[in-house]
Protein chains: 2
Amino acid sequence: METATLQEIDTTVKAWLQEARTLVYQCMQNDLTVEQKTGRLDLVTNVDKQVEQLLRGKIKTLMPTAKIIGEENDHGQIKSMVGAVWFIDPIDGTMNFIKQRDDFAIMLALYIDNQPILGWIMDVTKNHIYHGGPQLGVWRDDEKLPVPADITLNDGLIELSASRLVANEMHFEEIAKMSSGVRIIGSAGISFIKVLEGKAVGYASKMKPWDFAAAKVLLETNKILVTTIDGKEIDMLLSSTVLSATASAHMQIVQLQQP
Amino acid sequence: METATLQEIDTTVKAWLQEARTLVYQCMQNDLTVEQKTGRLDLVTNVDKQVEQLLRGKIKTLMPTAKIIGEENDHGQIKSMVGAVWFIDPIDGTMNFIKQRDDFAIMLALYIDNQPILGWIMDVTKNHIYHGGPQLGVWRDDEKLPVPADITLNDGLIELSASRLVANEMHFEEIAKMSSGVRIIGSAGISFIKVLEGKAVGYASKMKPWDFAAAKVLLETNKILVTTIDGKEIDMLLSSTVLSATASAHMQIVQLQQP
């Protein structure tokens with residue numbers, strides 16, 4: 001796709017995100033409607049649903065034939081990454097949104113024929129949009145972000161998901177102990193932002209495609225590796241334990257997974 | 001002490017904190033000097049030392065006879081809480097400061113005859129000061145903070161220290177599993193702020209007196225319980241595994257510690 005076209009899409013989507021943010025703040029003035037999905041820790045609110053509806057409508061107008069994979073309407077019908085595929089995470093970090101009204105994100109991504117094209121992560125309360133892709137570079141609002149330094153696990157903070165750390169799956173305890181410190185934020189989007197900004201050396205968690213699609217575009221553009229935790233290519237239509245990390249930290253963590 | 005006097009001290013200390021914040025940002029324009037204290041994860045920078053020096057000087061001018069317990073100059077000489085005792089944590093969350101330049105705090109507290117009088121926690125990057133005490137109430141800058149709702153552990157996010165969670169000491173895994181989610185921030189001050197604001201139901205970690213002195217003043221003023229994790233009164237001159245939590249969550253966590 002031509003760079004001018006990508007820039008137009010980027011500008012358009014940033015305006016959608018601001019509209020979505022306004023909707024979130026309007027909804028927060030009233031009580032939230034909270035429902036359980038798979039259990040007491042897997043929640044959805046009326047805001048998740050309304051934001052996804054808003055963004056689906058925008059995408060359908062902009063690209064009527066594109067496929068859309070969204071957290072709150074995913075029935076697994078999309079079986080292939082051929083053509084244009086959009087990913088929507090309307091509220092990433094729903095528990096943070098419910099309990100804190102802070103540290104949650106809205107994320108969008110565009111892939112064409114399985115190639116990462118554009119990604120957007122909005123830190124809603126801080127009102128920053130991280131956006132771009134291989135052709136445009138990576139930006140926080142209007143400021144271009146540098147490629148993070150290739151720091152080792154030992155010299156960096158690592159973001160992990162609480163559930164795998166507590167269960168010590170995938171050697172999460174060793175990962176934590178090797179690092180300079182483990183941090184748990186409760187939002188994939190906000191965790192990925194820390195890696196993008198060089199504040200964390202990596203982030204590992206079990207995730208669904210809408211949790212990592214946007215970050216994969218942005219991180220890979222800036223030389224951060226994004227694979228399964230055992231170093232394999234990610235299937236964009238499946239859940240994975242995703243590892244995003246600097247080259248050095250990535251190698252250390254993948255090596256821990258070897259039998 | 002008269003309320004007018006306390007208000008004067010409060011106003012004076014808020015100005016010190018702004019001065020300290022300016023110093024921190026000046027220092028951040030140059031490389032930090034980082035040294036190990038007890039090991040590779042226990043670090044001190046030139047900024048920790050300079051901020052403590054600044055605040056010690058201010059306290060000595062304001063209250064020449066007061067005792068001072070500060071993180072970077074603590075040689076354990078203070079053996080009693082009789083009279084006026086100040087606590088200084090010049091940079092709380094030093095690892096966050098070094099690695100992220102974010103999520104760190106400056107904390108001060110004043111106790112008289114072991115009674116909490118005034119406390120201050122500055123979120124340096126967000127430039128908010130949480131301050132007050134039993135006579136003044138609890139404030140974020142100029143806004144009075146309400147008493148947080150008495151939420152149970154199951155319905156709230158819990159802040160924990162990574163080391164005790166990974167080692168599963170003090171039933172930290174059970175605490176995590178009972179909660180709506182565990183968060184690890186890496187700064188006592190920023191974690192305590194979440195409890196003060198009702199964004200987390202509690203915070204538990206092994207801490208030294210300067211880590212918890214300010215928060216104890218503010219949290220107890222707003223009905224959050226602050227004790228050792230087995231429910232005992234805290235000795236202000238010793239390290240403890242400190243639990244701060246709503247009454248309901250506090251009861252649940254203390255019960256887990258019983259043999």
Side-chain angles (χ1 to χ4, degrees), chain A residues 34 36 39-43 93-104 123 125-126 148-149 151-168 171-187 190-191 193-195 197-202, chain B residues 34 36 39-43 93-104 123 125-126 148-149 151-168 171-187 190-191 193-195 197-202:
Chain A
V34 180
Q36 293 189 5
R40 78 173 185 98
L41 302 183
D42 184 19
L43 304 177
T94 298
M95 189 64 85
N96 280 354
F97 173 62
I98 294 169
K99 303 295 182 189
Q100 307 199 57
R101 304 284 197 274
D102 201 358
D103 281 340
F104 59 98
D123 179 331
T125 47
K126 289 190 178 149
I151 293 167
T152 63
L153 177 57
N154 315 62
D155 278 334
L157 298 174
I158 184 84
E159 316 270 347
L160 297 174
S161 63
S163 55
R164 286 202 184 278
L165 180 61
V166 168
N168 190 21
H171 302 274
F172 267 39
E173 281 188 19
E174 276 168 274
I175 297 169
K177 284 176 187 165
M178 283 175 70
S179 75
S180 285
V182 54
R183 301 289 180 264
I184 298 175
I185 295 177
S187 155
I190 305 299
S191 301
I193 286 171
K194 297 262 187 189
V195 182
E197 291 186 328
K199 294 178 174 178
V201 76
Chain B
V34 180
Q36 293 189 5
R40 77 174 186 97
L41 302 182
D42 184 19
L43 305 177
T94 298
M95 190 64 85
N96 280 354
F97 173 63
I98 295 169
K99 303 295 182 189
Q100 308 199 56
R101 304 283 197 274
D102 201 359
D103 281 341
F104 60 98
D123 180 330
T125 48
K126 288 189 179 149
I151 293 166
T152 63
L153 178 58
N154 316 62
D155 277 334
L157 298 174
I158 184 84
E159 317 269 347
L160 296 175
S161 64
S163 54
R164 286 203 184 277
L165 180 61
V166 168
N168 189 23
H171 302 274
F172 267 39
E173 281 188 20
E174 276 169 271
I175 297 169
K177 284 177 186 164
M178 283 174 70
S179 75
S180 285
V182 55
R183 301 290 179 264
I184 298 176
I185 295 177
S187 154
I190 305 299
S191 302
I193 286 172
K194 297 262 187 188
V195 182
E197 291 186 328
K199 293 178 174 179
V201 76

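Throughout, protein chains are lettered first and strands after them, A, B, ... in sequence-line order, and every chain is numbered starting at 1. Source: prediction; values computed, not measured.
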Is [X] close to chain A through its backbone or its side chain, or both, or neither, when contacts mean heavy atoms under 4.5 Å?
X      : value
B:N154 : both
B:L41  : side chain
B:D155 : both
B:K194 : side chain
B:S179 : backbone

Heavy-atom cut-off 4.5 Å, strictly under: side chain, backbone, both or neither for [X] against chain B?
X      : result
A:R40  : side chain
A:K126 : side chain
A:I185 : backbone

Would the distance check show the side chain of A:N96 and the main-chain N or O of A:D103 forming a donor-acceptor pair, the cut-off being under 3.5 Å?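 Yes, the answer is positive, given that a donor and an acceptor are paired below the 3.5 Å cut-off.
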
Any side-chain heavy atom of A:L160 within less than 4.5 Å of one from B:I184?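 A:L160 does not reach B:I184 side chain to side chain.
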
Can you check whether A:M95 reaches A:L43 side chain to side chain, under 4.5 Å on heavy atoms?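 A side-chain contact exists here, since the closest heavy-atom pair is under 4.5 Å.
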
Which of A:V201, A:V166, A:D102, A:N168 touches chain B most, by non-hydrogen pairs under 4.5 Å: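 Maximum pair count with chain B is reached by A:V166.
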
